[in-house]
Structure formats: structure tokens, C-alpha cells
Amino acid sequence: MLPKPGEPLCIKVHADDNVAIVANAGGLPKGTVFACGLELQEHVPQGHKVALTDLQQGEAIIRYGEVIGYAVRPIGRGSWIEESLVRMPVSPALDQLPVATGVPAPLPPLEGYTFEGYRNPDGSVAVRNILGISTSVQCVAGVLDVAVRRIKAELLPKYPNVADVVALNHTYGCGVALDAPEAVIPIRTVQNLAVHPNLGGEVMVVGLGCEKLLPTRVSSTADVVSLQEKPGFGAMIEAIMAMAEERLVRLNGRQRVTCPLSDLVIGLQCGGSDAFSGVSANPAVGYAADLLVRAGATVLFSEVTEVRDAIHLLTPRAVNEEVGRALIREMKWYDEYLARGQVDRSANTTPGNKKGGLANIVEKSLGSTVKSGSSPIMGVLAPGERATQKGLLFAATPASDFVCGTLQLAAGMHLQVFTTGRGTPYGLAMAPVIKVSSRDSLKEQWEDLIDLNAGGIVTGEATIEAVGWELFRLIIDVASGRKTWAEQWGLHNALTLFNPAPVT
Ligand code: CA
């Protein structure tokens with residue numbers, strides 16, 4: 001049933017919830033009476049929680065059917081549950097989690113869907129035909145940026161089947177403790193980025209000549225331009241451009257061919273979340289994730305600090321004991337990583353999240369993990385590892401948008417689906433990013449940045465299922481070459497390595 005325009009609307013997600021969130025733009029004033037008879041005792045901003053019952057001091061506040069916190073003082077029915085009234089619960093203990101106890105039955109296969117992609121020499125596919133130029137160290141970034149500007153201006157117009165030339169610049173390579181155990185993360189990330197499927201296997205590396213991370217360690221088989229061997233700047237640029245052109249010729253000879261969806265690796269992420277993210281955009285993404293899994297694709301969900309407080313809902317879905325243990329291993333590693341910095345997962349939530357109605361990381365996590373849909377979790381990747389399996393995988397990454405994006409690229413992600421409530425113009429150079437908004441007002445504000453709006457789910461004008469199918473079809477179109485808004489504007493964020501090891 002469609003609510004009338006302007007009619008007060010509050011959304012309760014789960015039957016057990018004792019709170020709902022106010023849906024109307026601008027919030028609702030004191031005295032507002034909802035169809036259910038609930039009357040607001042004070043102004044409640046959009047996306048923020050209202051108590052559906054009288055809550056005693058210390059009583060559990062329940063959203064998504066889970067405890068998101070405890071009332072710090074009595075809260076009357078119809079009152080605004082402002083963030084400071086919610087005491088955060090402790091995270092679920094990691095040593096007593098149910099593992100593989102509720103493995104969902106495999107979803108029925110979904111057949112007959114294909115996309116138009118490029119077939120790579122190693123059998124993988126690409127959804128974009130991009131020349132990527134890898135680097136072994138940050139020292140070369142300035143020279144490479146100049147070379148890439150000239151390649152784009154002077155060479156790329158001659159090779160119209162190649163979409164772009166991307167410098168894989170990063171901050172690693174020297175001044176770092178290469179032998180520290182955790183250096184494995186940035187090193188394998190750089191290695192796996194070099195062989196990203198959207199780069200067509202045409203690897204080349206620009207190095208300096210004295211760095212710690214040898215170019216041969218980035219790629220043992222690729223050609224290398226070593227700047228210290230060149231007689232001056234002009235010769236450096238000439239060498240990079242000549243090596244790039246050989247690869248442009250080969251990449252330009254490729255044509256899109258029909259590929260099964262099972263060749264795709266789709267990454268899921270959220271950023272700038274609000275209280276609607278878990279109601280509209282993330283459930284629709286979860287529905288699309290199930291469709292992709294049913295079609296045989298690989299789907300990655302990530303963001304450890306946004307999974308940690310919902311881990312008790314995920315370990316039962318692990319396909320077996322080993323995968324469940326791997327999930328717990330990644331949570332433990334991250335707990336310890338945060339503890340070394342004398343913080344915990346509550347450091348995740350941003351002022352914008354809170355303004356958008358998310359009281360704490362527990363509430364944010366419950367909304368975030370909905371993206372994973374309902375299929376069994378088939379595998380776990382440590383940060384920077386490459387996916388080699390089909391189905392739903394947990395790729396452990398920080399929640400930071402650029403770091404998560406970079407690590408999902410290292411995992412071999414062809415295309416990313418990114419949900420946002422507050423709005424961010426985020427993009428990646430190596431893979432298209434489909435941005436999905438959680439509410440109508442963001443789509444209206446950013447018509448030329450948001451690719452798909454899930455806000456209709458909030459107002460009742462659309463269903464999770466309908467938006468999920470729309471997203472699934474959009475993923476196929478974008479994989480086949482349709483440009484996202486970020487691609488049309490040339491928007492992308494920098495590759496940002498995750499380096500938990502010491503810098504020297
Ligand atoms: Ca994020």
C-alpha cells in the first residue's frame with residue numbers, strides 16, 4: 001500500500017523491534033500521529049529512531065531483531081532515541097560462535113543470463129579493456145603520471161578499443177619493513193593488482209632501481225622500465241611510452257564476446273551510510289547478490305569493522321567448519337590490530353553516519369551485512385588475496401572506502417556495487433562502480449552521480465525484489481560496457497594500500 005505524499009511514515013524492520021525510524025524528509029514534528037496511533041513526543045529527524053514502547057533504564061533497544069544497545073535512562077513511547085541515549089553492547093565473543101550450524105540450502109540456479117566481456121589469455125574475463133602500468137615504488141609516480149598524460153593525449157586516440165590507461169601508483173615499495181610478517185598484505189596486493197582481469201594480462205612495471213620491493217617481485221614475468229638506467233627524464237618518458245604502445249596494439253585487437261555470468265567477480269561495499277542503508281539499498285544489493293550467486297558468479301562482501309558486530313549471524317552461514325574458522329580468524333586479527341592502536345570497532349562510525357540516524361557500529365553493522373544476501377558463505381580471503389572460488393566470499397578488508405576498493409580489486413573484482421545514504425562521489429579507475437542511493441532525496445540531489453535509487457523501498461513505491469532485479473540487470477549492462485556516472489565524469493579515488501606493517 002502506497003503512503004500518501006506527506007503522510008507520516010516510520011519504518012520498523014523486524015517484528016521484534018521496539019524502535020522504528022522516521023522516513024519523511026526533514027523529519028517529523030512533535031505531536032505527529034502515525035497510522036498505528038503512535039504519537040511523537042518531540043521532533044525526530046529523518047532516519048532517526050523513535051521508541052515504539054516505553055523503555056526502562058537498561059532495557060535492550062532492538063532493531064533488525066537484534067540488540068543495538070541499552071537505554072541509558074527511561075525513554076517514553078514516541079520519544080526520539082538520540083545517539084547519547086544508547087549504551088553500546090560488547091561485540092559477540094569469538095570463542096563461542098555457532099559455526100556452519102545454519103548453512104542455507106543452495107539457491108536454485110539462474111540460467112540464461114550472459115554479458116559481453118573481453119576474454120583474457122589466462123581464461124579470465126575483463127569488463128573494461130584498460131592498460132594498467134604497475135609500479136614497484138612511489139618514487140616513480142611523478143614520472144609515470146607525466147607519461148600517462150602523454151600516452152592518453154598522443155597514443156590512446158590511435159587505439160579506440162582501449163578504454164583507458166591507468167597508473168597503478170601506490171605509497172609502498174621503499175622505506176618499509178619488507179620482512180615484517182604483515183608486509184605480506186601490501187606486497188600481495190601490489191602483485192594481484194598488476195594482474196587484475198580488467199587489465200587484460202598486459203603487465204608492465206615501472207621501477208626506480210634501488211627500491212626494496214624489486215620490480216621482479218611485483219611481477220616475475222613482466223617487462224620493466226627502470227628509471228635509474230635512463231639518461232634523463234626524456235628517455236624515461238620515451239621508454240614508458242614505447243612499452244605501453246606495444247601493449248595498446250594488442251589490447252586494441254580485442255573485441256567483446258558473450259560470456260557467462262559465472263565469469264564475473266562482483267564486489268559489494270557501502271560508504272557514507274545512514275539508517276536507510278540497511279532498509280533499502282543494502283537489502284536490494286543483498287537480493288541482487290543472491291541472483292548473482294544463483295547465476296554462478298563470485299560475490300565479495302567485506303569491511304571487517306562492519307561485520308564484527310553481526311558475526312554471530314554470519315558464522316552459522318559458513319558452508320563448513322573451515323570457512324567459519326577463517327571468518328573468526330579474520331575478526332580476531334582485526335580486533336588485535338585495532339587494540340594495538342588503542343581503539344575498537346566503535347572508531348568506525350562517522351559524524352555523518354550519526355547524523356543519518358545510526359547510533360553506533362552495532363546498528364551500522366546489522367544494516368551493512370544485509371548486502372551479503374542469504375546464500376552460504378563459501379570462502380574467506382585474507383586482505384589482498386585473489387578470489388579463486390565461485391559463490392559468496394568474505395574478503396576481509398578495512399571499511400575505509402578506498403582501502404576496501406583497492407583490496408577488492410586485488411581480489412579480482414570486475415565491478416563494484418557501492419551503496420550510500422549520505423552520498424559520496426567515490427569511484428575506481430580499474431573497475432566500474434555502480435552507486436546505489438538509500439533514499440530519494442539523495443538521488444534528487446545527486447541525479448548525475450547516483451546510478452540507481454533504492455529510496456522507493458523506503459516510501460513503499462518499490463520493493464526490495466524489484467530494485468534487486470533492476471540492479472542485477474544494471475550490473476549486466478555495465479559489465480557489457482555501459483558507463484556509470486563516475487566513469488562518464490572520469491571520477492576515481494586513488495589506489496590505497498592497506499599496510500599494517502611498520503614503515504621505516
Ligand atoms: Ca566502506
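Since the model is a prediction, treat every value here as computed from it, not as a measurement. First listed ligand is number 1; within each ligand, the first listed atom is number 1.
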### Task
List in chain and number order the residues that pass side chain to side chain donor-acceptor pair (under 3.5 Å) with Trp485, two or more places apart in sequence or in another chain; answer none if no residue qualifies.
none
### Message
Within less than 3.0 Å, report the number of protein N/O/S atoms around the Ca ion (ligand 1).
### Response
5
### Task
Verify, without hydrogens or angle tests, whether His414 (side chain) and Leu264 (backbone) share a donor-acceptor contact under 3.5 angstrom.
no
### Query
Knowing that exactly one of Thr101, Asp95, Leu94 qualifies, which makes a side-chain contact (heavy atoms from CB on, under 4.5 Å) with Leu97?
Leu94
Enumerate, atom names and distances included, each donor-acceptor pair closer than 3.5 Å involving a side-chain atom of residues 296-305, sequence neighbours excluded.
residue : atom : partner : partner atom : Å
Thr298  : OG1  : Gln389  : O            : 2.8
Ser302  : OG   : Ala395  : O            : 2.7
Ser302  : OG   : Gln408  : NE2          : 2.9
Glu303  : OE1  : Cys270  : N            : 3.4
Glu303  : OE1  : Lys371  : NZ           : 3.4
Thr305  : OG1  : Asn348  : ND2          : 2.7

### Message
I'd like to know whether the aromatic ring centres of Tyr113 and Phe472 sit less than 6.0 Å apart in this structure.
### Response
yes
### Message
List the residues meeting side-chain contact (heavy atoms from CB on, under 4.5 Å) with Ser84, not counting sequence neighbours, and say none if there are none.
### Response
Glu82
